[in-house]
Amino acid sequence: RMRTGRRSVTERDTRMEALVPALRRFAWSLTRNADEADDLVQDCLEQALGAWHGRNAEGNLRAWLFTILYNLHVSGRRRQARRARLLGEVTHGEAEPASGGQDAALRCAEVLAHLDTLPAEQRDVLLLIGVEGLGYEEAAKVLGVPVGTVMSRLSRGRERLRRLAEGRAVPGPLRRVV
């Protein structure tokens, strides 16, 4: 423990604070809205602090926090979908403008648009592994699926993005033939 001013900074606080930028990036990539992303990260950290005593002390803190954030996001999406059905409203989020040169901004917007067309399962795996740098095992824990499922979704998602970027036709969802 270190004492700074009136409150002491614990190792827990330091470790969690170091992960905030990655949590914010992932939250923004899920919500495409800075305010919603900040709220999601705050909710995640509040829940993590409340559940700190029950977590596996030997477990991966990053994967644990990403799991909390992802589950909060999924719960929020479900809640919004229920509200939209009940109220008959559909809300649309707007992507944040990209920074950098005009070409980079256009390319970024194009990639985000393509990413938004992917099934949620593929998009989430691509974001966790490609953007946040989680390993297959960590992503599997965050999403609550087997590692093989993560690898399959990642492969299909990458191929679909590649086809979209090249302007080639993207195969539709598989149909079950009985």
Side-chain angles (χ1 to χ4, degrees), residues 15-34 36-49 51-52 54-82 93 95-96 98 107-177:
R15 290 175 60 204
M16 287 177 67
E17 188 174 333
L19 293 171
V20 168
L23 290 168
R24 288 188 80 224
R25 277 191 310 272
F26 185 51
W28 184 87
S29 66
L30 292 171
T31 64
R32 295 296 197 298
N33 179 293
E36 288 179 29
D38 286 343
D39 290 344
L40 188 57
V41 170
Q42 182 174 342
D43 292 346
C44 169
L45 294 174
E46 286 175 6
Q47 187 169 336
L49 289 171
W52 188 263
R55 84 173 194 88
N56 177 1
E58 301 300 317
N60 183 326
L61 177 62
R62 181 180 176 150
W64 185 64
L65 290 173
F66 271 72
T67 301
I68 292 170
L69 187 133
Y70 180 74
N71 288 337
L72 286 169
H73 173 68
V74 169
S75 295
R77 274 197 322 217
R78 287 183 184 142
R79 194 170 34 255
Q80 285 176 342
R82 281 193 303 271
E96 296 276 313
R107 182 70 182 139
C108 183
E110 182 180 306
V111 169
L112 287 174
H114 291 324
L115 197 59
D116 284 341
T117 67
L118 295 179
E121 301 83 22
Q122 293 174 8
R123 181 179 56 245
D124 295 342
V125 169
L126 280 167
L127 292 170
L128 286 171
I129 292 173
V131 177
E132 294 305 329
L134 267 64
Y136 293 161
E137 293 82 15
E138 289 177 311
K141 284 181 185 175
V142 168
L143 299 172
V145 297
V147 174
T149 301
V150 166
M151 294 168 68
S152 175
R153 289 176 181 176
L154 181 64
S155 176
R156 287 193 318 268
R158 284 178 175 163
E159 177 59 26
R160 193 174 184 113
L161 270 181
R162 190 175 304 114
R163 286 176 172 270
L164 287 166
E166 294 171 354
R168 297 188 305 171
V170 177
L174 296 176
R175 291 182 291 147
R176 186 173 186 183
V177 179

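The shown structure was predicted, so the numbers you read here are calculated from the model rather than taken from an experiment.
Contact check for R32 versus L115: side-chain heavy atoms found under the 4.5 Å cut-off. Between F66 and L23 there is a side-chain heavy-atom pair separated by less than 4.5 Å.
Taken from NE2 in H73 to CG in D124, the straight-line distance is 6.5 Å, to the nearest 0.5 Å. Rounding to the nearest 0.5 Å gives a distance of 11.0 Å between CD of Q47 and OG1 of T67. The CG atom of L30 sits 8.0 Å away from the CZ atom of R123 when rounded to the nearest 0.5 Å. For the atom pair CG of L154 and CZ of R158, the computed distance is 3.5 Å after rounding to the nearest 0.5 Å. With values rounded to the nearest 0.5 angstrom, L126 atom CG is found 10.0 Å from S155 atom OG. Going from atom CG of L143 over to atom CD of E121 covers 9.5 Å, rounded to the nearest 0.5 Å.
The minimum heavy-atom distance linking V142 with A63 is given by the pair CG2-O, 3.5 Å. The nearest pair of heavy atoms linking V125 to V150 is CG1-O, 3.6 Å. When all heavy atoms are compared, the tightest approach of A48 to L65 is CB-CD2, 3.4 Å. When all heavy atoms are compared, the tightest approach of A120 to R77 is CB-NH2, 4.3 Å. The shortest non-hydrogen separation linking R153 to Q122 is O-CG, 3.7 Å. Of all heavy-atom pairs between L40 and T31, the closest is CD2-CG2, 4.2 Å.
For the pair R62 and W64, the cation-pi test (distance below 6.0 Å, angle within 45°) is failed.
Listed by chain and number, the residues in a side chain to side chain donor-acceptor pair (under 3.5 Å) with R24 are D38 (sequence neighbours excluded). The side chain to side chain donor-acceptor pair (under 3.5 Å) test applied to S152 returns R156, not counting sequence neighbours.
Within the 3.5 Å criterion, the main-chain N or O of N71 finds a donor-acceptor partner in the side chain of S75.
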Listed pairs under 3.5 Å, donor-acceptor, residues 127-141 side chains, sequence neighbours left out:
from : atom 1 : to   : atom 2 : distance (Å)
E132 : OE1    : R25  : NH2    : 3.3
E132 : OE2    : F26  : N      : 3.1
E138 : OE1    : G135 : N      : 2.9
E138 : OE2    : N60  : ND2    : 2.5

